[in-house]
Amino acid sequence: MILKTTINNVAKHVNETVTIGVWLHNKRSSGKIAFLQLRDGTGFIQGVVAKSDVPEDVFNLAKQLTQESSFYVTGKVVEDHRSPLGYELQVSDIDLIQLTEDYPITPKEHGTEFLMDHRHLWLRSKRQHAIMKVRNEIIRATYEFFNDNGFVKVDPPILTAASAEGTTELFHTKYFDEDAYLSQSGQLYLEAAAMALGRVFSFGPTFRAEKSKTRRHLIEFWMIEPEMAFMDHEDSLKLQEEYVTFVVQSVLERCKLELNTLERDVSKLEKVKAPFPRITYSEAIQFLKEKGFDDIDWGDDFGAPHETAIAEQYEKPVFITHFPVEIKAFYMKPDPDNPEVALCADLIAPEGYGEIIGGSERINDYELMKERYDEHDLHGPAYEWYLQLRKYGTIPHSGFGLGLERTVAWIAGVEHIRETIPFPRLLNRLYP
RNA sequence: UCCAGCGUAGCUCAGUGGUAGAGCAAUCGGCUGUUAACCGAUCGGUCGCAGGUUCGAAUCCUGCCGCUGGAGCCA
């Protein structure tokens, strides 16, 4: 009886004969030997078919195999230092499932539009495979970190009646006879959940109908949003840097092969350990002015070039803290020492990958929250419930949101965010 | 929404007023250690669409459509 296994497990079967269900990734052959680049979803391995070692029909079949043909391959696992995996397969038999014809994505260069039109097939490539594995490890490490730190995962709704921050960038839909919007953040619901469960986090999709067309923007992206009862801004920053450190170190440990495939400079990731540097918004403005930026003043929000200039000063992610209250969300708590600024922070990733976290301590005073409601004209049942959280046992609490895809882009060293999610939703792209 | 660039073979591109090209892919053949293998041959076209200028337009002009990058906005 021949053992059925997968490529990621071949190390356990050296010098044994195994069978693996595979696709042909690429092939090189000569008159009497063929090299098959095989993939099975768990990894990639080279199969060697020598004319002298197999029946003639097996060798002929091997020569006929086309890119992305599917089959069961049987062979002996042998160690080979020339392989990146350290092993290869000496093929003895091939049981064909389908001979593929005219696979569109060839081993040569392709343009962005062509690859995006074939995203359902592009995912099979080595690079996309590696990015998806890194993404998965970030998600896995996230669950581990928050579970180990006493957090409960709660799932906020995706269909909502109103938003936390204006309505211009929301996707509108009908909810029977009412108007509804796709969620742009679960935060308000998470605050309610934190009052019930203490420490909570969510992980889910977020929708922004912004006409953004840059390498850092998706219309639909995934966010990790923790919310912590009885934690102030300072406690929250500590948790954020511990969390990001944990995620980066987990990827370094468990995705060595993938980071190698992606040609990621891991020495830069190895430096990512808490504590992270912090500067205030006011210090950042002063720094930018000294650097020669004359297009920004105190009270303006940063643009992408500003963020990059600040991040370039550091080898680790950097917190920018204490933004002006006016340019931040209505629920952020003003600094008691300087009420013009909020107890909030953005975390900017190194190497120009931009903002990956936005967070703050929340207003917990009922009267102040009511003032904010009046200022922002927040009325009706869609908002009233949130105000009640300040009426029935209000407490200091803080939270933040991490954009998964920007984090994947940074850790994997991927230039464009479209490669960090299996099926990106972009301006002008709803397919495949 | 604005700014810039680009649309030529299945793919990536060259061709800037005078016979439509190359590499890769595909097909056939050769090659026993290849790493985007290599060598030879064959096949492959509505030059984004519409109009205009010209003896003649892939090439120049106008409009439209599409794509890419960036800005604003944001994670």
Side-chain angles (χ1 to χ4, degrees), chain A residues 25-37 44-54 59 62-64 66-68 78 80-85 88 90 100-118 122 125-127 163-166 168-170 184-187 205-225 295 300-308 327-329 346-349 353-359 400-410 415-418 420-421 426-429:
Chain A
H25 190 63
N26 197 8
K27 178 185 74 179
R28 283 172 284 276
S29 69
S30 64
K32 289 170 183 161
I33 191 164
F35 301 97
L36 310 178
Q37 311 304 322
F44 293 78
I45 194 170
Q46 173 163 272
V48 182
V49 195
K51 192 170 185 178
S52 54
D53 294 350
V54 297
F59 186 74
K63 289 208 73 170
Q64 275 174 30
T66 53
Q67 204 187 347
E68 291 304 315
V78 294
D80 193 309
H81 64 273
R82 286 170 293 192
S83 154
L85 193 65
E88 63 180 28
Q90 284 179 349
T100 292
E101 283 178 47
D102 299 323
Y103 185 71
I105 303 180
T106 65
K108 285 281 175 182
E109 281 173 57
H110 298 286
T112 303
E113 189 187 5
F114 180 81
L115 289 171
M116 289 301 292
D117 284 344
H118 296 85
W122 189 24
S125 80
K126 229 174 190 164
R127 178 179 160 85
S163 79
E165 291 148 55
T168 49
E169 69 264 15
L170 291 182
Q184 61 151 19
S185 163
Q187 189 204 307
T206 299
F207 308 88
R208 306 267 169 104
E210 289 156 4
K211 303 255 182 191
S212 297
K213 216 174 73 171
T214 79
R215 69 166 68 98
R216 298 177 309 280
H217 285 89
L218 288 167
I219 302 302
E220 177 181 314
F221 68 98
W222 287 63
M223 200 150 59
I224 291 141
E225 292 184 279
D295 56 345
D300 297 335
D301 211 345
F302 300 123
H306 305 125
E307 272 181 5
T308 303
I327 59 169
K328 286 291 175 182
D346 286 355
L347 185 66
I348 313 296
Y353 286 97
E355 181 185 347
I356 54 172
I357 289 181
F400 61 95
L402 174 135
L404 176 66
E405 285 77 14
R406 284 191 185 172
T407 305
V408 175
W410 164 47
E415 186 80 1
H416 200 297
I417 201 161
R418 65 179 159 237
T420 64
I421 183 166
L426 300 159
L427 202 63
N428 301 334
R429 182 167 293 275

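Residue numbering restarts at 1 for every chain, and letters A, B, ... go by the order of the sequence lines. Because the structure is predicted, anything quoted here is derived from the model rather than measured.
Of the two residues near RNA chain B, A:Arg215 and A:Gln90, the one whose nearest nucleotide lies more 5' is A:Gln90.
A:Ile357 comes within 4.0 angstrom of the backbone, heavy atoms only, and of no base. Residue A:Asn26 is in sugar-phosphate contact alone, with no base atom involved, counting any heavy-atom pair closer than 4.0 Å across all strands shown. A:Gly354 comes within 4.0 angstrom of no nucleic acid atom, judged by non-hydrogen atoms across all strands. As judged by a 4.0 angstrom heavy-atom cut-off over every strand, A:Glu88 is placed among the base-contacting residues. Counting any heavy atom pair closer than 4.0 Å across all strands shown, A:Thr407 reaches no nucleic acid atom.
Nucleotides B:rA41 and B:rC31, compared at atom C1', are 16 Å apart to the nearest Å. Between B:rG21 and B:rC55, the two C1' atoms lie 26 Å apart (nearest whole Å). For the C1' atom pair drawn from B:rC24 and B:rC38, the interatomic distance equals 14 Å after rounding to whole Å. Comparing the same atom, P, in B:rU34 and in B:rU8 gives a spacing of 37 Å after rounding to whole Å. Nucleotides B:rU59 and B:rA14 place their P atoms 16 Å apart, quoted to the nearest Å. Here, B:rC6 and B:rU46 have their P atoms 24 Å apart, quoted to the whole Å. Straight-line distance between the C1' atoms of B:rC13 and B:rU1: roughly 33 Å, to the nearest whole Å. Rounded to a whole angstrom, the distance from the C1' atom of B:rC65 to that of B:rA9 is 22 Å.
Under the 6.0 Å distance and 45° angle rule, A:Lys126 counts as a cation-pi partner of A:Phe44.
When rounded to the nearest whole Å, the span between CD of A:Gln184 and C1' of B:rC74 equals 10 Å. Whole-Å rounding puts the A:Met116 CE to B:rU12 P distance at 14 Å. Protein atom CD of A:Glu109 is 9 Å distant from nucleotide atom C1' of B:rC13, rounded to whole Å. A:Ile417 places its CD1 atom 15 Å from the P atom of B:rU68, with the value rounded to the nearest Å. Taking atom CZ of residue A:Arg127 and atom P of nucleotide B:rU35, one finds them 22 Å apart after rounding to whole Å. Residue A:Ile105 contributes atom CD1, which lies 18 Å from atom P of B:rA36 at whole-angstrom precision. Rounded to an integer number of Å, the gap from CD of A:Glu307 to P of B:rA75 is 10 Å. Whole-Å rounding puts the A:Lys63 NZ to B:rU32 P distance at 9 Å.
With B:rG72, B:rC74, B:rU32 as the candidates, the nucleotide lying closest to the side chain of A:Ser52 is B:rU32. Checking B:rA75, B:rU68, B:rA71 against the side-chain heavy atoms of A:Arg406 singles out B:rA75 as nearest. Side chain of A:His217, nearest nucleotide from B:rC31, B:rA71, B:rC74: B:rC74. Among B:rA36, B:rA75, B:rU32, the nucleotide with an atom closest to any side-chain atom of A:Glu355 is B:rA75. Of the candidate nucleotides B:rG33, B:rA36, B:rU68, B:rG33 has the atom lying nearest to any side-chain atom of A:Asp80. Relative to the side chain of A:Arg208, the nucleotides B:rA75, B:rU1, B:rA36 differ in distance, and B:rA75 lies closest. For A:Ile33, whose side chain is taken as the heavy atoms from C-beta onward, the closest listed nucleotide among B:rU34, B:rA75, B:rG33 is B:rG33. Distances from the side chain of A:Phe114 to the nucleotides B:rU32, B:rC73, B:rC11 place B:rC11 closest. Among the nucleotides B:rA75, B:rA71, B:rU34, the one closest to any side-chain atom of A:Met223 is B:rA75. You'll find that the side chain of A:Lys213 is closest to B:rG70, out of B:rC74, B:rA36, B:rG70.
With a cut-off of 3.5 Å on both Watson-Crick or G-U wobble distances, the partner of B:rA57 is given as none. When Watson-Crick and G-U wobble pairs are counted only if both distances are under 3.5 Å, B:rG72 pairs with no nucleotide at all. Remark: B:rU19 base-pairs with no nucleotide in the shown strands. Criterion, Watson-Crick or G-U wobble with two distances under 3.5 Å. Base pairing of B:rG7 is made with B:rC65, judged by Watson-Crick or G-U wobble geometry with both donor-acceptor distances under 3.5 Å. Pair check for B:rG40 finds B:rC28; Watson-Crick or G-U wobble, both atom distances under 3.5 Å.
On a pure distance criterion of 3.5 Å, no polar donor-acceptor pair joins the side chain of A:Thr106 and the base of B:rC11. If you check distances only, the side chain of A:His110 never reaches the base of B:rC11 with a donor-acceptor pair under 3.5 Å. Not a single donor-acceptor contact under 3.5 angstrom links the side-chain atoms of A:Glu113 to the base of B:rG7. At a cut-off of 3.5 angstrom, counting only N and O atoms as typed in the model, there is a donor on one side and an acceptor on the other between the side-chain of A:Gln46 and the base of B:rU34.
Remark: side-chain polar atoms of A:Arg406 are paired, donor with acceptor, to backbone N or O of A:Glu355 under 3.5 angstrom. Of the possible donor and acceptor atoms, none in the side chain of A:Lys213 sits under 3.5 Å from a partner among the backbone N and O of A:Leu427.
Taking the charged nitrogens against the carboxylate oxygens, A:Asp53 and A:Lys32 have no contact shorter than 4.0 Å, which rules out a salt bridge.
With centres under 5.5 Å and a plane angle under 30°, the ring of A:Phe221 is stacked against the base of B:rA75.
A donor and an acceptor atom, one from each side chain of A:His306 and A:Asp300, are nowhere located under 3.5 Å apart. With hydrogens and angles left out, the side-chain atoms of A:Glu225 and A:Gln187 include no donor and acceptor closer than 3.5 Å.
Residue A:His416 places at least one side-chain N or O under 4.0 Å from the OP1 or OP2 atom of B:rG69. Proximity of A:Arg418 to the phosphate of B:rC67: no side-chain N or O atom is located under 4.0 Å from OP1 or OP2. Taking 4.0 angstrom as the limit, A:Arg429 places none of its side-chain polar atoms (N or O) nearer than this to OP1 or OP2 of B:rG66. At the phosphate of B:rU32, OP1 or OP2 sits under 4.0 Å from a side-chain N or O atom of A:Lys32.
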- Message: I'd like to know whether A:Glu220 forms a side chain to side chain donor-acceptor pair (under 3.5 Å) with A:Thr206, so could you lay out the CA-CA distance, the side-chain angles of the two residues, the decisive distance to 0.1 Å, and finally the verdict.
- Response: CA-CA 6 Å; A:Glu220 177 181 314; A:Thr206 299; over 6 Å; no

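The aromatic rings of A:His110 and A:Phe114 lie parallel to each other, their planes meeting at an angle below 30°, with 60° marking the opposite boundary.
Scanning for side chain to side chain contact (heavy atoms under 4.5 Å, CB included) contacts around A:Thr100 gives A:Thr66, A:Glu68, A:Ser69, A:Gln98, A:Tyr103, with sequence neighbours left out.
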